[in-house]
J.: 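Below is a structure I'd like to ask you about.
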Amino acid sequence: MSEPIVRLEGINKWFGKLHVLRDVNLEIFPREVLVLIGPSGSGKSTLLRTINMLEEPTEGRVFFEGKELTDIHTDLNAARTRMGMVFQSFNLFPHRTVTGNLTLALEKVLGLKGEEAQRRALDQLGHVGLADKAGAWPSQLSGGQQQRVAIARALAMQPVLMLFDEVTSALDPELVNEVLLVMQRLAAEGMTMVVVTHEMGFAREVGTRLIFMDQGVILEEGVPREVFANPRHERTKSFLSQIL
Amino acid sequence: MTTTAAPQAPPERGIRYFVAQQTTWSWVTLGVGILALLTLFAGVIGILNAYGWTQVCPEDAPQGTCAPTDPLTEGLLSPELGVLAWVVIGIGAVAATLAFSRARRVPNKQAKEAAIAGAVIGIQAAALAGVLLWFRSAGVELFARNFLNVRLLGDFFPRFVNGAKNTLILSFLGGGLGMILGLFLALFSMSKRAVVRAPARIYINFFRGTPLIWQLSFAGLGVVTAMKLDFFSGIDGPYRVAVAVLGLNLAAYSAEVYRAGIQSLERGQMEAARSLGLSYLQAMRFVVVPQAIRRVIPPLTNEFVILIKDTSLVVVLGLAFNQKELLGVGREIYSSTFNATAWLGSAAGYLIITLPMIRLVTYLERRLRSGLTSVIG
């Protein structure tokens, strides 16, 4: 097997007295689509956010492409340019146009010239089917369109890993599919992805590995179809029975 | 059978509808109320005009025999004005009576509103007329001479213009300094490091916790003298001290405004920026601060309006003749002429500057509330 892109070692995280991640170990390999499911408060979002260090683990080590992110000498900003993240609430920059959302980091972080950044941004918007919205303001877009812009914004940096944090949870039901389709195509293109989601259909069809978390612990792990068909753990069983 | 409800235009509820709903009763009530107010204004202006506002006293007039405001006093005390006031009170009472006579059987909402408006306007006119009567019973001559010598304002008009110019210079220089400094103070005061946070907090609390007049006096009399600061001494010294202290003071207040603005942004904005690889400072500069500034433009303009009025406190620094701002000019004219009309000139000057800014705040607040996330663009 190839080298993992991400390795988490003995991750513990406390919010005050609340123990949200309990000694989690995890490796993520290239081209994997790892789906994290679990009840709310199970720590799946926190786990996702420790991968790009938006949450600093209280204990444990995070490795990305062989570099230890928990080491204070590591250039975290440089590492973050190589992993994109998409949020539940889109978090587009409302004071910049759609293109401006994409070009900001291209210009200020990657140092691309204005024209080149523009070209890459437009190219990326085309990929998510929003080339015609390049000059629009985020507030003029539907939720689904905003989320696709957010995905394009992350992809424009040409990352090797994409993190999705419940990206369809804030969307109206009829807008969920357009976002899932973009993600599905991305997976087909071979992107390594970690996806926290409640979309069990997506988990089953697109996911290559499924992790079920509860109370800060990875309880069960396996090929999605098999876990869905045959959950070994009691908690997994009851969770799936409630959600499916 | 299927019935589809086709979309329709909303029912007409404009001014035309409002007019159509009126009855004779509501028309008369509204008309009488407005008549009371118009009679009052037109009457007072007409009578005072007939007597005259000011007079030019001959150079050789013996002391005490001629005052510029004599015709105005005469007009204010004239029997015609007394009769007018009572007539207005009468008309106002008629409007109120008309309204209340049918209050229990109003024909519809629109007619009711019109009648109420007529009654309220009538009562307001009557109240103003009452104040006028009360005023006539007091020392009208003294008041007119001290406060209504409009000729004096005309004579000193260039001085007021110069004062307004200085008020504006002090406000904009101090305001500019304060708003730039305040942004950095706000960023420092939100640092996660206590050693950066603490000095900013101490600064903010000190400048918010002591009176501006104390700060001006202390800086002008104490600090500048003791520190031998060349920049702040000499003829322009007090002026520069004024700008510096006004700026330092506004910095503390605007820092709190900026902080509120920055903290009102969703945490996701910072997280999204950081997740793209922007550093903390880049995220602040390109994502958080530009949005926060748009949000705080109305409260910041409010602080600026307060600063405009606070420039009046620089009188404690003893500015030179040409450096005096609006209140300083008023004060000086008062002390040389012993006529308080000068104060009215100062007040008028402040209002001319501040009223448009207050309007601007209201306008910007409405624009921000209407869901547009950006004021610009």
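Only this structure's heavy atoms are used, side chains among them; waters, hydrogens and symmetry mates stay out.
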J.: Return the OG to CZ distance between B:Ser275 and A:Arg153, rounded to the nearest 0.5 Å.
T.: 6.5 Å
J.: If contact means a heavy atom pair closer than 4.5 Å, which residues of residues 108-130 of chain A contact chain B?
T.: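 Against chain B, the residues of residues 108-130 of chain A that fall inside the cut-off (heavy atoms, under 4.5 Å) are A:Lys108, A:Val109.
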J.: Does B:Tyr17 have more than 12 heavy atoms from other residues, nucleotides or ligands lying within 6.0 Å of its OH?
T.: yes
J.: Decide if atom CZ of B:Arg285 counts as having more than 12 heavy atoms of other residues, nucleotides or ligands within a radius under 6.0 Å.
T.: no
J.: To check you understand the geometry: which heavy-atom pair defines the closest contact between B:Leu278 and A:Ala105, and what is its length?
T.: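 Looks like CD1-CB, 3.8 Å.
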J.: Do A:Asn77 and B:Arg274 come within less than 4.5 Å of each other through their side chains, counting heavy atoms only?
T.: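 A side-chain contact under 4.5 Å exists here.
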J.: Can you pull the ring pair (Phe, Tyr, Trp, His ring centres under 6.0 Å) pairs that have at least one residue in residues 165-195 of chain B, sequence neighbours excluded?
T.: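 Counting only pairs at least two positions apart or across chains, the ring pair (Phe, Tyr, Trp, His ring centres under 6.0 Å) contacts touching residues 165-195 of chain B are B:Phe172-B:Phe304.
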J.: If you round to the nearest 0.5 Å, how far is NE2 of A:His95 from CD of B:Gln269?
T.: 7.5 Å
J.: Under 4.5 Å heavy-atom distance to chain B, tell me which part of A:Phe93 shows up: side chain, backbone, both or neither.
T.: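 Both parts, backbone and side chain.
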J.: Roughly how far, to the nearest 0.5 Å, is the CD atom of B:Glu266 from the CZ atom of A:Phe90?
T.: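 Nearest 0.5 Å value for the CZ-CD distance: 12.0 Å.
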J.: So for B:Arg267, is it side chain, backbone, both, or neither that comes closer than 4.5 Å to the heavy atoms of chain A?
T.: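 Interface part for B:Arg267: side chain.
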J.: Would you please name every residue forming a salt bridge (charged side-chain N to carboxylate O under 4.0 Å, His left out) with B:Arg208, sequence neighbours left out?
T.: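 Salt bridge (charged side-chain N to carboxylate O under 4.0 Å, His left out) list for B:Arg208, sorted by chain: B:Glu256.
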J.: Which residues in residues 32-63 of chain A have any heavy atom lying under 4.5 Å from a heavy atom of chain B?
T.: A:Arg49, A:Asn52, A:Leu54
J.: Does CZ belonging to A:Arg31 count more than 12 external heavy atoms closer than 6.0 Å?
T.: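 Open: at most 12 neighbouring heavy atoms sit under 6.0 Å from CZ of A:Arg31.
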